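If you're wondering where the values come from, they're calculated on a predicted model, not measured in any experiment. For this chain, numbers begin at 1 and follow the sequence in order. Read the numbers this way: they start at 1 and go in the same order the structure lists the ligands and their atoms.
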Amino acid sequence: MPEEDPSDVLIRLGDRSYNIVIGTGRLHAHSTFGQLPPAQTAVVVTNETVAPLYAQKLVTALQPHYPRVHVVTLPDGEAHKDWQTLNLIFDALLSHCCDRKTVLFALGGGVVGDMTGFAAASYMRGVPFVQVPTTLLAQVDSSVGGKTAINHPLGKNMIGAFYQPQLVVCDLDTLSTLPAREFSAGLAEVIKYGPIADMEFMAWLEENIEALRAGDHAALAHAVRRSCEIKAHVVGVDERESGLRAILNFGHTFGHAIEAGMGYGTWLHGEGVGAGMVMAVELSHRLGLVDGAFVLRLRLLIERAGLPVRGPVIDGQDNAGRYLAWMRGDKKSEAGEIRFVLIDGPGRAVMRSAPDALVREVIDACCA
Ligand code: NAD
Ligand code: GLY
């Protein structure tokens, strides 16, 4: 077990437990990285946008711990979350003769984090890795819990592995350079924790959404910490999504259809989740699980976060049919039946299927 620091959030997974460090000034403090397994080589994987902002700071913090620190810079964007880009990481690891003790550091958003985690899971059948998330979305969700993946043209995050990091370092200072659109996308994954698990947190978000969007440090620290606490609990109970963990996909079944249907990178992941949550709560309402007032309440919060509350038309001929086709390929589907994460009363999520006709009505009602 890692040493307990009361300011960290601990992911409890037996001998694979690890800490999420949340704070300011963490990325460039060499003490942040003092407890990691010893190795000759560290490899920082980042992208062309994040590298000029933060790579040198991280390299400087790592140098007291590793004789060799290399940087691999990937092209930026969801459209590059694929085999070709993943191979650039393997090319670098092999050309630097990295051994199986080499520690990988994922410096960037969820795209870099998911790809670096997958590379770490498969290079020499598994090397240690550390998540250093620099987007809000990655700090509150993707860096935590060990899901790693790349996309396939036929489906989002379809190729991947469960593989836990050794440490997650959320330096809130990095969020100051994040574009507003990306910040809003991250808020979608923050907001989801309310309706599925914690109505007190949802009420706090309603009070503090403007402060968050203005970059208020205390508000950000609370939002990141509470999100990580909820995710840590869920992952601790159900690491490999055989049950409870599926609730973290609230809004994602519709959202992934939007992302893939529009072409990766056109709609941001968080934007798809924002509009997707509106569709999922509307479906919950039409199934009699939640009242209309709650639908309006959640929709308003999503809108105030700067997120779209209507889905795009991905097919002018048969839009609902195209959404359904994408959603049938979702990882949660069973024998072609789509399994939705729905709201079963405020603060409670449930997995259910729904008649196609009703899903069609929701899509028709909720798309531009
Ligand atoms: P992203 O990684 O594409 O980052 C968004 C943009 O912000 C990119 O252009 C990036 O270069 C830039 N950026 C990153 N940090 C920055 C900073 N500090 N300052 C300025 N620019 C910065 O997108 P994301 O929203 O972080 O992550 C989305 C991805 O995460 C999707 O691929 C999604 O599938 C995945 N995801 C995974 C999980 C999981 O559990 N593994 C959970 C949720 C989402
Ligand atoms: N983001 C969903 C999960 O980690 O399970």
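- Side-chain contact, His269 with Glu259: a donor N or O sits under 3.5 Å from an acceptor N or O.
- Within 4.0 Å of ligand 1, heavy atoms belong to protein residues Asn47, Thr49, Val50, Leu53, Tyr54, Asp76, Glu78, Lys81, Gly109, Gly110, Val111, Asp114, Thr134, Thr135, Leu137, Asp141, Ser142, Lys147, Lys156, Asn157, Thr174, Thr177, Leu178, Pro179, Glu182, Glu189, Lys231, His269.
- Listed by chain and number, the residues in a side chain to side chain contact (heavy atoms under 4.5 Å, CB included) with Lys332 are Glu241, Ala246, Asn249, Thr253, Asp330, Arg339, Val341, Met351 (sequence neighbours excluded).
- Aromatic ring centres of Phe250 and Tyr193 lie farther apart than the 6.0 Å criterion allows.
- Residue contact check for ligand 2: Lys231 places a non-hydrogen atom closer than 4.0 Å to it.
- Between His256 and Trp326, the distance from one ring center to the other does not fall under 6.0 angstrom.
- Short contacts between ligand 2 and Asn249, defined as distances under 4.0 Å to a heavy atom of the residue, involve ligand atoms 2 (C).
- Ring-plane geometry between Phe33 and Phe105 is classed as perpendicular, the angle between the planes exceeding 60 degrees on a 0 to 90 degree scale with a lower cut at 30.
- For Val234, no heavy-atom contact with ligand 2 is shorter than 4.0 Å.
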Query raised in the report: Are Glu337 and Arg328 close enough, and set up right, to give a salt bridge (Lys or Arg N to Asp or Glu O under 4.0 Å), and what steps lead you there?
Result: CA-CA 6 Å; Glu337 185 179 77; Arg328 265 188 243 293; over 6 Å; no

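- Shown are Gln63, Lys57, Gln56; of these, the side-chain hydrogen bond (donor to acceptor under 3.5 Å, both in side chains) with Thr60 is made only by Gln56.
- Using bins of under 30°, 30° to 60° and over 60° for the plane-to-plane angle, the ring pair Phe129/Tyr163 lands in the parallel bin.
- Remark: ligand 2 atoms within the under-4.0 Å shell around heavy atoms of Asp141 are 1 (N), 4 (O).
- In summary, the atoms of ligand 2 found under 4.0 Å from a heavy atom of Lys147, numbered by their order in the structure, are 2 (C), 3 (C), 4 (O), 5 (O).
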